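Structure first, commentary second.
Just so you know, ligand 1 is whichever comes first in the structure, and atom 1 is the first atom listed for that ligand. Excluded from the calculations below are hydrogen atoms, water molecules and symmetry mates; all remaining heavy atoms, backbone and side chain alike, are included. Model, not experiment: these values are computed from the prediction.
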Amino acid sequence: MAYSETKVVLGGLAHIPIIIGFFYLIRRQYSFGAILRTGKNALSETVKAKAAAPAKAAAPAKAAAPAKAAPAKKPHADVPVNTYKPKAPFTGTVTENYSALKEGAIGKVQHITFDISGGDPDFKYIEGQSCGILAAGEDAKGKPHRPRLYSIASTRYGDNFAGNTLSLCVRQLQYEKDGETINGVCSTYLCNLSPGDKVKISGPVGKEMLLPDEEDANIIMLATGTGIAPMRAYLRRMFEPTEIEKHKWNFKGKAWLFMGAPKTANLLYDDDFEHYKAKFPENLRYTKAISREQQNDKGGRMYIQDRVLEHAEEIFNMIENPKTHIYLCGLKGMEPGIDEAMTTAAAAKGLDWSELRPKLRKAGRWHAETY
Ligand code: FAD
Ligand code: A2P
């Protein structure tokens, strides 16, 4: 009897390492899932909205569930989208509205900043996103105006680095019809706002124009007019000293901005970009196409696609590097011209642009937003 009791006790003890091993495996699995979930992502800096709080609170219950590896997140899964829908917009307050043009420029383009603090959930966005603006008043049918989209021209930290503002770069739409000047509804509304005015804002929207996470990515930017808005946000993120202090994302790649404007006085944020170029000559190139002051080699207006052709060899050398992204923003009309220039440039390298472009797009390296 005594013998068999000893046997039972010894048998029981023999199971202890197995049980410990079993618990160790569960723990390891759980920690691995946690590492995946807390991996670096686009939002890890500051932009987790209050809206995310309930989901966070619920997380422990999920974590306690059977130890399954967390499914891989879609790229940019954490980027906020449609926090505020057009039917229930956020109300921002104008803090600044000033001309982004210099003396002698054509038209009206304004840099407008809104205070977006105090939302529940917070109105948070990242570089490359857009927002919707609902102009005050009603349309011809007595209905509220439909929202118009505008690219956000500030970084997530805002122009004041406090993380509670959003800036836009807006051209007032004006055209002649039957001898009358027609003013665009929303762009005119925005351009005429004064500090203190309340504005209905929806969004943020869009994941097409986001920057890659890699600090050594190369960024080619092709902008016409207000298409510079997202590029301004990228360049501030890359080269503005207070930004760099805030986010610790130390851009080490090559950035190349091609900017199209009708006149020198229409070059938006030109002084800032010249300053960045002087400070970071190894990292930033800035090439301008001033359509009504410069001519292309056929004697026509100088457009950014002409500049692309002039630098075709270097651009394609950059594109061969898988870390190179291309961003295109501004006039819809520039797309065929850019395509044509890229086709010629690619052919000179023995490449077929019609095959290459979809590949770049699929790889998430070709980003276009035109309007
Ligand atoms: P509306 O009153 O809506 O008038 C526009 C309409 O006028 C057109 O649909 C067309 O029917 C007519 N029209 C326009 N031009 C002519 C013409 N020459 N002759 C006859 N009819 C004409 N704009 C910016 O300024 N900055 C930005 O950063 C910006 N970002 C954008 C981002 C995205 C993703 C998109 C889709 C658009 C963006 N826009 C931007 C454009 C913006 O959304 C509006 O379309 C623009 O401001 C005009 O709106 P509106 O209400 O003033 O004009
Ligand atoms: P232009 O108007 O001289 O023909 P903005 O929005 O400030 O007017 O700037 C837009 C810039 O894009 C202008 O220089 C304009 O030239 C230029 N542009 C106009 N059409 C095209 C096009 N199809 N491709 C490239 N650039 C264009």
Report the part of Leu173 (side chain from C-beta onward, or backbone N, CA, C, O) that has a heavy atom under 4.0 Å from ligand 1; answer both or neither where that applies. side chain
If we set the cut-off at 4.0 Å for heavy atoms, which region of Tyr150 has an atom near ligand 1: side chain, backbone, both, or neither?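 Under 4.0 Å from ligand 1, Tyr150 contributes backbone and side-chain atoms.
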Can Asp159 and Arg236 be said to form a side chain to side chain contact (heavy atoms under 4.5 Å, CB included), step by step? CA-CA 9 Å; Asp159 288 0; Arg236 281 177 72 84; 4.0 Å; yes
Ala140: partners by side chain to side chain contact (heavy atoms under 4.5 Å, CB included), with sequence neighbours left out: none
For the side chain of [X] and the backbone of [Y], is there at least one donor-acceptor N/O pair under 3.5 Å apart?
{"X": "Trp353", "Y": "Thr344", "answer": "no"}
{"X": "Asn192", "Y": "Thr188", "answer": "yes"}
{"X": "Arg171", "Y": "Thr226", "answer": "no"}
{"X": "Lys124", "Y": "Gly163", "answer": "yes"}
{"X": "Tyr84", "Y": "Pro121", "answer": "yes"}

Considering only non-hydrogen protein atoms, determine which one is nearest to [atom] and report residue, atom name and distance to 0.1 Å.
{"atom": "atom 43 (O) of ligand 1", "answer": "Leu149 O, 2.5 Å"}
{"atom": "atom 15 (N) of ligand 1", "answer": "Tyr175 CD2, 3.5 Å"}
{"atom": "atom 28 (O) of ligand 1", "answer": "Ser151 N, 3.3 Å"}
{"atom": "atom 26 (N) of ligand 1", "answer": "Cys169 O, 2.9 Å"}
{"atom": "atom 45 (O) of ligand 1", "answer": "Arg148 CG, 4.4 Å"}
{"atom": "atom 52 (O) of ligand 1", "answer": "Ser187 OG, 2.6 Å"}
{"atom": "atom 41 (C) of ligand 1", "answer": "Tyr371 CD1, 3.6 Å"}

Cluster membership besides Phe161, Ile/Leu/Val/Met/Phe/Trp/Tyr side chains within less than 4.5 angstrom, sorted by chain and number, is none
Give a yes/no verdict on whether any heavy atom in Arg146 is under 4.0 Å from an atom of ligand 1.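 It does, in that a heavy atom of Arg146 comes within the 4.0 Å cut-off of ligand 1.
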Less than 4.0 Å is my threshold; does some heavy atom of Lys177 fall inside it relative to ligand 1?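 Distance cut 4.0 Å: Lys177 fails for ligand 1.
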Can you confirm, on distance only, whether ligand 1 has an N/O atom lying under 3.5 Å from any N/O atom belonging to [X]?
{"X": "Arg171", "value": "yes"}
{"X": "Asn183", "value": "no"}
{"X": "Ser130", "value": "no"}
{"X": "Thr370", "value": "no"}
{"X": "Ala229", "value": "no"}

Is it true that [X] and [Y] make a salt bridge, defined as a side-chain N closer than 4.0 Å to a carboxylate O?
{"X": "Arg361", "Y": "Glu208", "value": "yes"}
{"X": "Glu127", "Y": "Arg156", "value": "yes"}
{"X": "Glu274", "Y": "Lys288", "value": "yes"}

Any idea which of Pro147, Ala135, Cys186 brings a heavy atom closest to atom 50 (P) of ligand 1? Cys186
Which pairs pass salt bridge (charged side-chain N to carboxylate O under 4.0 Å, His left out) with one or both residues in residues 138-147, sequence neighbours excluded? none
Relative to each other, are the rings of Tyr157 and His247 parallel, tilted or perpendicular (30° and 60° limits)?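 It falls in the tilted class, 30° to 60°.
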How about Ile201 and Pro89: do any of their side-chain heavy atoms sit closer than 4.5 Å? no
Looking at side-chain heavy atoms only, is the closest gap between Leu166 and Cys131 below 4.5 Å?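 Yes - at least one pair of side-chain heavy atoms lies under 4.5 Å apart.
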Protein heavy atom under 4.0 Å of [atom]:
{"atom": "atom 1 (P) of ligand 1", "answer": "yes"}
{"atom": "atom 12 (C) of ligand 1", "answer": "yes"}
{"atom": "atom 8 (C) of ligand 1", "answer": "no"}
{"atom": "atom 39 (N) of ligand 1", "answer": "yes"}

Considering only heavy atoms, which protein residues lie less than 4.0 Å from any atom of ligand 2?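 Within the 4.0 Å shell of ligand 2, which is judged on heavy atoms, sit Arg171, Thr224, Gly225, Gly260, Ala261, Pro262, Ser291, Arg292, Arg301, Tyr303, Gln305, Leu331, Gly333, Met334.
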Only heavy atoms of Val170, strictly under 4.0 Å: list the atoms of ligand 1 that pass. 25 (O)
Show me which atoms of ligand 1 lie under 4.0 Å from any heavy atom of Glu369. 34 (C)
What's the verdict on salt bridge (Lys or Arg N to Asp or Glu O under 4.0 Å) for Glu310 and Arg307, showing C-alpha distance, side-chain angles and the deciding distance? CA-CA 5 Å; Glu310 282 173 14; Arg307 294 292 186 208; 3.0 Å; yes
Answer yes or no: are there more than 12 heavy-atom neighbours, outside Glu282 itself, under 6.0 Å from its atom CD?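 12 or below, so no.
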